[in-house]
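Here is how names work: the chains are called A, B, and so on, in the same order as the sequence lines, proteins then strands, and each is numbered from 1.
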There are 2 protein chains.
Amino acid sequence: MPYGLSANDIDKLDQSVSHTKLLQKGETLYRQGTSFKSLYAVKSGSVKITSLNQEASEDVIGIYLPGEIIGFDGIATGEYQCTIHAIETSNVCEINLSEVQENIPGVSQQLLKHAGRAINHGRYARSVAKVSARKRIISFLLDLSDRYRHRGYLATEFELYLSRGELGNLLNLSAETISREIHKLEREKLISIVNKRRIQIKQMDQLKEILIAP
Amino acid sequence: MPYGLSANDIDKLDQSVSHTKLLQKGETLYRQGTSFKSLYAVKSGSVKITSLNQEASEDVIGIYLPGEIIGFDGIATGEYQCTIHAIETSNVCEINLSEVQENIPGVSQQLLKHAGRAINHGRYARSVAKVSARKRIISFLLDLSDRYRHRGYLATEFELYLSRGELGNLLNLSAETISREIHKLEREKLISIVNKRRIQIKQMDQLKEILIAP
DNA sequence: CTGTACTCTTGATTTACATCATTTTTTTTG
DNA sequence: CAAAAAAAATGATGTAAATCAAGAGTACAG
C-alpha cells in the first residue's frame, strides 16, 4: 500500500526542490500523454488517477491521499501514462525531478526509471484482468514476445517455463481454461506449441487484432 | 512493461557496485520475508517471481527476463515481499543498494522507497482481483481506511469520492454488483452509508475476518 | 421551480469461466 | 524401463457476476 511520507519528509521536500500548487475539485494536475515534468506529493485533499484504455474509455486506477506520491507513471517513458484529477480541493507539492536528478548518480537514475517501468507494468497487468480469458492469454504471450524482442532475442518462439496451472494462477484463470484456450489458438493456427511449454507465434498481427477488437 | 537495461547499462552497473551470481534451475535468489539486501539485474536466463498468499499457497507474480531488474519489492519495508526462483540456469548481477545509496541524497532515497511501495501496492491490487466481489470491496474499504489512519485521519469514516460505476471500474466489477454488495454490507451492519458516498466502518474486526475466511 | 440527465437501486436472465470428474500424456524415480 | 506421480486435455455441470431492463432518487441547468 502506498502509504505516506511523514509530515517531516514532506517538509524536507519543501525545503529542497519544490513548490506547492492548489487544485480545485475537478481540476487536472497532469494529463496522460503530456511530457513528464515532476513527481508530486499530495499534501492535502485527494486525487483520482485514471487512464484511457484502448476503447478510449477511462479506467480508474486508484485514488491518492495526503503523503502519497504521484507521477512515477511518467518517469520511464518521459510521458505521463495516467491523468490526475482532484476529487476535492487539494494541495500538491511539486518535486522537480530534473533538479533532484542533478545530484543523483546515473545508476540510481536508472533504478528510478526501472521502478517507474515496474509500476506501469503493474497497471498493465491490472488492466489485463478486465478482459476475456482468450485476450488475457494473448496479452501475456505478446508481452513476453515483446520483452524478448526488446532484448534482442527471437520474438516469435520462446519457452513458457510455467505449467498450465502456474499460468492460470498468474492470469487469474483455471489451468483447464488455459489448456482449452491455448489449444484453441493452436487449432486456429495463430500459434503453435512445441512440447507443451514452448510457443511459436504464427500470426502476430492477427493476435494483436484480437486484442484491440471489442 | 519492465523492459530492460541496455547491455551498456548493465556493464556500467558491473563496473560500479555489483558482482555476478550463477543460479541453477530451481535455485532461489531470495525468499519472501528475508531482509532486503540488494536489487538484482537478470543478466541471462529467466526467473520466476512468486508470493505466498494468506492461504499459504503460491501466487505467481510474473517472470523476469535478461535486462530486467528485480528486488524492488524489498525496498519499502526492508523485507522481500516475494520469492525468486530460477526457472532455467541464470546469471544475475547484484546491485548493492546500500553502497549506491551512499551517493544518493536523502530525497531520492525516499523516492525509491515510494516507488517500491507503489510496486507492492500494484501486486496487492492484482491479488485482490482473485477474490469474490464481496471481498474485493471490503479489501478496498480497509485499504483506504488503513491509509487514512496511517496519515492521522479518522479510519472509520471517510468519503468515497467515486461513483458506483467508477468503483466498479477500479475493482473490475459492474456498478450493479458494487451497489448490491455495499447494500448487503450495510444490511449486515458491518458498515453504514451516509449520502451514498460516505462510508462508516462499523465492524472493522468482522470485516477483516471476512477477508481471511475461505 | 421544472424538465433533463445522471446515479443508484433492484429484479430477471444470461454467460464466461470455475469446478468436478476422467482419461491421456509426460515426467520422475527407484 | 516399469511404476508412480504430475501435468495436460477434455467433457459435463454449476455458479458468481455481467448484462439487460425498469424504476426511484438526486443534481443541475435554463
Without hydrogens or angle criteria, can the side chains of B:K130 and B:N53 be said to hold a donor-acceptor pair below 3.5 Å?
-> no
Salt bridge (Lys or Arg N to Asp or Glu O under 4.0 Å) contacts touching residues 173-194 of chain A (sequence neighbours left out) = A:R134-A:E188
Residues B:Y148 and B:D143: side-chain donor-acceptor under 3.5 angstrom = no
Which distance, rounded to the nearest 0.5 Å, do you find between the CD1 of A:I212 and the NZ of A:K135?
-> 9.0 Å
Estimated bend of the helix from C:dT9-D:dA22 to C:dG30-D:dC1 (axis per five terminal pairs, rounded to 10 degrees) = 40°
Is a salt bridge present between B:E68 and A:R151, judged by a nitrogen-to-oxygen distance below 4.0 Å?
-> no
Interatomic distance, B:L65 atom CG to A:F158 atom CZ [nearest 0.5 angstrom] = 9.5 Å
Criterion ring pair (Phe, Tyr, Trp, His ring centres under 6.0 Å) against A:Y80, the qualifying member of A:F36, A:F72, A:Y40 = A:F36
What pairs of residues pass the salt bridge (Lys or Arg N to Asp or Glu O under 4.0 Å) test when at least one of them lies in residues 74-89 of chain A, not counting sequence neighbours?
-> none
Give the rounded distance in Å between these two atoms: CZ of B:R164 and C1' of D:dA24.
-> 15 Å
Ion pair present between A:D59 and A:R126, side-chain N to carboxylate O less than 4.0 angstrom?
-> no
Taking all non-hydrogen atoms of both residues, which atom of B:A76 and which atom of B:N120 are closest, and how far apart?
-> CB-OD1, 4.4 Å
May I ask you to say what A:S179 touches in the nucleic acid, namely base, sugar-phosphate or nothing, with a heavy-atom cut-off under 4.0 Å?
-> base
Contact boundaries of DNA chain C with chain B (under 4.0 Å, heavy atoms), 5' to 3'?
-> C:dT7 to C:dA12
Separation of atom NE2 in A:H183 from atom C1' in D:dT10, rounded to whole Å | 10 Å
So do B:L170 and B:E166 actually touch side chain to side chain, heavy atoms under 4.5 Å?
-> no
Expressed in angstrom and rounded to an integer, what is the separation of A:E166 atom CD from D:dA8 atom C1'?
-> 14 Å
Note: A:E159-A:R197 ion pair, threshold 4.0 Å (strictly below) | no
How many Å lie between CG on A:N169 and C1' on D:dA7, as a whole number?
-> 16 Å
N/O contacts under 3.5 Å, protein versus nucleotides 15-20 of chain D?
residue: D:dA17; atom: OP1; partner: B:A133; partner atom: N; Å: 2.7
residue: D:dA18; atom: OP1; partner: B:S174; partner atom: N; Å: 3.0
residue: D:dA18; atom: OP2; partner: B:S174; partner atom: N; Å: 3.2
residue: D:dA18; atom: OP2; partner: B:S174; partner atom: OG; Å: 3.0
residue: D:dA18; atom: OP2; partner: B:T177; partner atom: OG1; Å: 2.3
residue: D:dT19; atom: O4; partner: B:R180; partner atom: NH2; Å: 3.1
residue: D:dC20; atom: N4; partner: B:E176; partner atom: OE2; Å: 3.1

Residue pair B:T34 / B:R31, side-chain donor-acceptor N/O under 3.5 Å = no
Polar-atom pairs under 3.5 Å, protein N or O versus N or O of nucleotides 25-30 of chain D: list them with distances, or write none.
none

